[in-house]
Protein chains: 2
Amino acid sequence: MADEDDEDDEGGAGGGTGLPASLEMAWGLRERPGKGPRPTLTLPRIVETAVALAAGEGMDAVSMGRVAKELGVSTMSLYRYVTAKEELYILMSDAGVGAPPALPPEAAGWGWRELLTRWAYAQRAVLMANSWILRIPITGAPVSPNQLAWMERGLAAMADAPLTEGEKISTIILIGGLVRNEATMAADMMDAIVKSGVSPDQVMGQYVRTLRLMTGPDTHPGVTRLLESDAFTGSDEPDFQFRFGLDRILDGLAALVEGRQAVQDGAEA
Amino acid sequence: MADEDDEDDEGGAGGGTGLPASLEMAWGLRERPGKGPRPTLTLPRIVETAVALAAGEGMDAVSMGRVAKELGVSTMSLYRYVTAKEELYILMSDAGVGAPPALPPEAAGWGWRELLTRWAYAQRAVLMANSWILRIPITGAPVSPNQLAWMERGLAAMADAPLTEGEKISTIILIGGLVRNEATMAADMMDAIVKSGVSPDQVMGQYVRTLRLMTGPDTHPGVTRLLESDAFTGSDEPDFQFRFGLDRILDGLAALVEGRQAVQDGAEA
DNA sequence: TAGTTCTGTGTATTACTTACACAGAAGAGC
DNA sequence: GCTCTTCTGTGTAAGTAATACACAGAACTA
């Protein structure tokens, strides 16, 4: 009945985080064991190769066999560094988002709104520049270094705001979700353009034409009005949708913050 | 140089929508051709079977072979009804969300905010009751009947609001994204609970414990504050996060609407 | 009755993840 | 230096999955 036999997952050398060995490696815990033969590969090199493959040929090209071939090793050797493909995905995702960019000195004077806005745009830029990240099915809460660094940066933006911790993390999740959703839609659009080989306007036009055939003023008055408008065709601003969503969220948050400050001011007076 | 030879996808019997045959079928276009032998299966029966499988054993159990076995036919016979697995996914998704629920009579007196709130909650309820839907990788814009019905319902909620069509559809996408994100997180949580076999609090506790090991006040002050708070452990309200996000969005939208109405009132005076 | 068209199916191809066992390398302890 | 332990890379193989292709036969049309 010794209670040390339920550590059936980790090798025991790690910090007992419950994380897979490769992730403890990514955090810098877990030394290389000094025993066996020198490894040919390193985890960063594997991840780097997989990322290059994803960036170049898309996520579909990333298979264990293909990554191994790219590295000049056998497929199974990768499993010495990673226990499952999903783990490689997490590491790729972490490498793909990278560390959040450094803040300029003048950021010290910025308020939560400016900071959150820049946070959102920076994240969006990263996702759109590495849109293969969006094709990785993420499941579970973030546990990798860079993902947490981004979370920290988002929380820091609201450090001085009169919000509870629950509200802060909810805001981070809310805006993070928006960023991801919008970037994914943009990537889908891109894929459709590349696959069909026609212009963005033509893709949209085809979609509108299709919807017109299935809908009508009787069954779908709202959709019909939408299709008659220039909401789809008029491509005035490419990121209108993103901007609109972010502005609504931040306006709503501002209302909450101002309400809190009014209460606080009233109590102080 | 005849221009009728670029219809290489659809069989020609359909309405020329550019949609795959199975989807035209779902829309009620495209009659059954009277020639060959009577089909053993029907598209709805295939979808129904696949949905039952997904609901019972999860999305991982849904393969073409398995669905066929469940129906007592050969794998390849399914390809007479669906050209690719992705198409079955779309049909499953459409069947899973179903038609939006009927509005009660008193809904006539509701404003856009109440209507949008109920729309969001109704959608969330459907996704959480059929969380396998969240495991289907969706790509591309909605083209199936029920998906469009939900979109229509959302647009209808804002029919009288002083918003442009572009703003309306952006709002639908914004809230729809929130609903999906939050439902997906809840489903991930559920999976973690089922897989580990422990209580929700224990899963959260393990996550917090893990994060504590990787973070510290120096490198992650915001995260540290978060972990010290009861944001994760205090499970006062299970849907706090969802409610919070929705309220922020609707508050932000309200600010926009009120601004518009003020301008309008000023012009009328 | 002949011809056309459509159905279900068997077979086979290709690709992918991963379990398992083995040969050999590198350090640890004596 | 020798032995033992531990760790590495690898080959093989099992299991699963999507789907291209061609064929036999059904049901309708002319």
On DNA chain C, nearest-nucleotide positions of A:Ala61 versus A:Arg80: which is more 5'?
A:Ala61

Run the side-chain contact (heavy atoms from CB on, under 4.5 Å) test on A:Val97 and A:Gln123 for me, step by step, so that the C-alpha distance in whole Å, both residues' side-chain angles and the decisive distance to 0.1 Å come before the verdict.
CA-CA 8 Å; A:Val97 296; A:Gln123 211 166 358; over 6 Å; no

Could you tell me how far apart A:Leu41 (CG) and D:dT10 (P) are, to the nearest whole angstrom?
8 Å

Reckon B:Ser63 touches a base, only the sugar-phosphate, or nothing at all at heavy-atom distances under 4.0 Å?
sugar-phosphate

Before you tell me yes or no, could you show the steps for A:Asp188 and A:Lys195 under salt bridge (charged side-chain N to carboxylate O under 4.0 Å, His left out), namely the whole-Å CA-CA distance, both residues' side-chain angles and the distance that decides it to 0.1 Å?
CA-CA 10 Å; A:Asp188 285 351; A:Lys195 198 164 66 174; over 6 Å; no

Please determine if a side-chain N or O atom of A:Tyr81 lies less than 4.0 Å away from the OP1 or OP2 oxygen of D:dG9.
yes

Determine the contact category for A:Thr75: base if any of its heavy atoms lies under 4.0 Å from a base atom, sugar-phosphate if only primed atoms, P, OP1 or OP2 are that close, otherwise nothing.
base

Taking five pairs at each end, how big is the angle between the two axes of the helix from C:dT1-D:dA30 to C:dC30-D:dG1, to 10°?
0°

Would you mind classifying the nucleic acid contact of A:Arg38 as base, sugar-phosphate or nothing, using non-hydrogen atoms under 4.0 angstrom?
sugar-phosphate

When you measure from the side-chain N and O atoms of A:Lys35 to the phosphate of C:dA26, is any distance below 4.0 Å, counting only OP1 and OP2?
no

When the distance from NZ of B:Lys85 to C1' of C:dA15 is rounded to whole Å, what number comes out?
14 Å

Consider the side chain of A:Ala84, meaning its heavy atoms from C-beta on, and name the nucleotide among C:dT9, D:dG9, C:dT18 that approaches it most closely.
C:dT18

Nucleotide D:dG9, atom P - distance to CE of A:Met76 in whole Å:
12 Å

Measuring from atom CD1 of B:Ile169 to atom CG of A:Leu226, what distance do you get when rounded to the nearest 0.5 angstrom?
5.0 Å

Scan the side chains in residues 50-63 of chain A for donor-acceptor partners under 3.5 Å anywhere in the protein, sequence neighbours excluded, and list what turns up.
from    : atom 1 : to      : atom 2 : distance (Å)
A:Glu57 : OE1    : A:Arg66 : NH1    : 3.1
A:Glu57 : OE2    : A:Arg66 : NH2    : 2.9
A:Ser63 : OG     : A:Arg66 : N      : 3.1

Which atom names give the shortest non-hydrogen contact between B:Gln206 and A:Gly18, and what distance separates them?
NE2-CA, 4.5 Å

Of A:Gly34 and A:Leu78, the one whose closest nucleotide on DNA chain D sits nearer the 5' end is A:Gly34

Phosphate contact (C:dG8 OP1 or OP2) by B:Ser74 side-chain N/O below 4.0 Å:
no

Using whole Å, what does the distance between atom P of nucleotide D:dA18 and atom CG of A:Asp60 come to?
15 Å

What do the steps show when you test A:Glu87 against A:Ser22 for side-chain hydrogen bond (donor to acceptor under 3.5 Å, both in side chains), and what is the final call?
CA-CA 7 Å; A:Glu87 245 174 75; A:Ser22 65; 2.4 Å; yes

So which heavy atom on A:Gly177 is nearest to which on B:Asn181, and how close?
CA-ND2, 3.3 Å

Take the protein atom CE of B:Met25 and the nucleotide atom C1' of C:dC6, then report the distance between them rounded to whole Å.
13 Å

In whole angstroms, how far is the P atom of D:dC7 from the CD atom of A:Glu31?
14 Å

Interatomic distance, B:Arg66 CZ vs D:dT19 P [rounded to whole Å]
19 Å

Could you state the atom-to-atom distance from NZ of A:Lys69 to C1' of D:dT10 in whole Å?
16 Å

About how many Å separate CD of B:Glu152 and OG1 of A:Thr224, when rounded to the nearest 0.5 Å?
7.0 Å

Side-chain N or O of A:Ser77 versus OP1/OP2 of D:dG9: is the shortest distance under 4.0 Å?
no

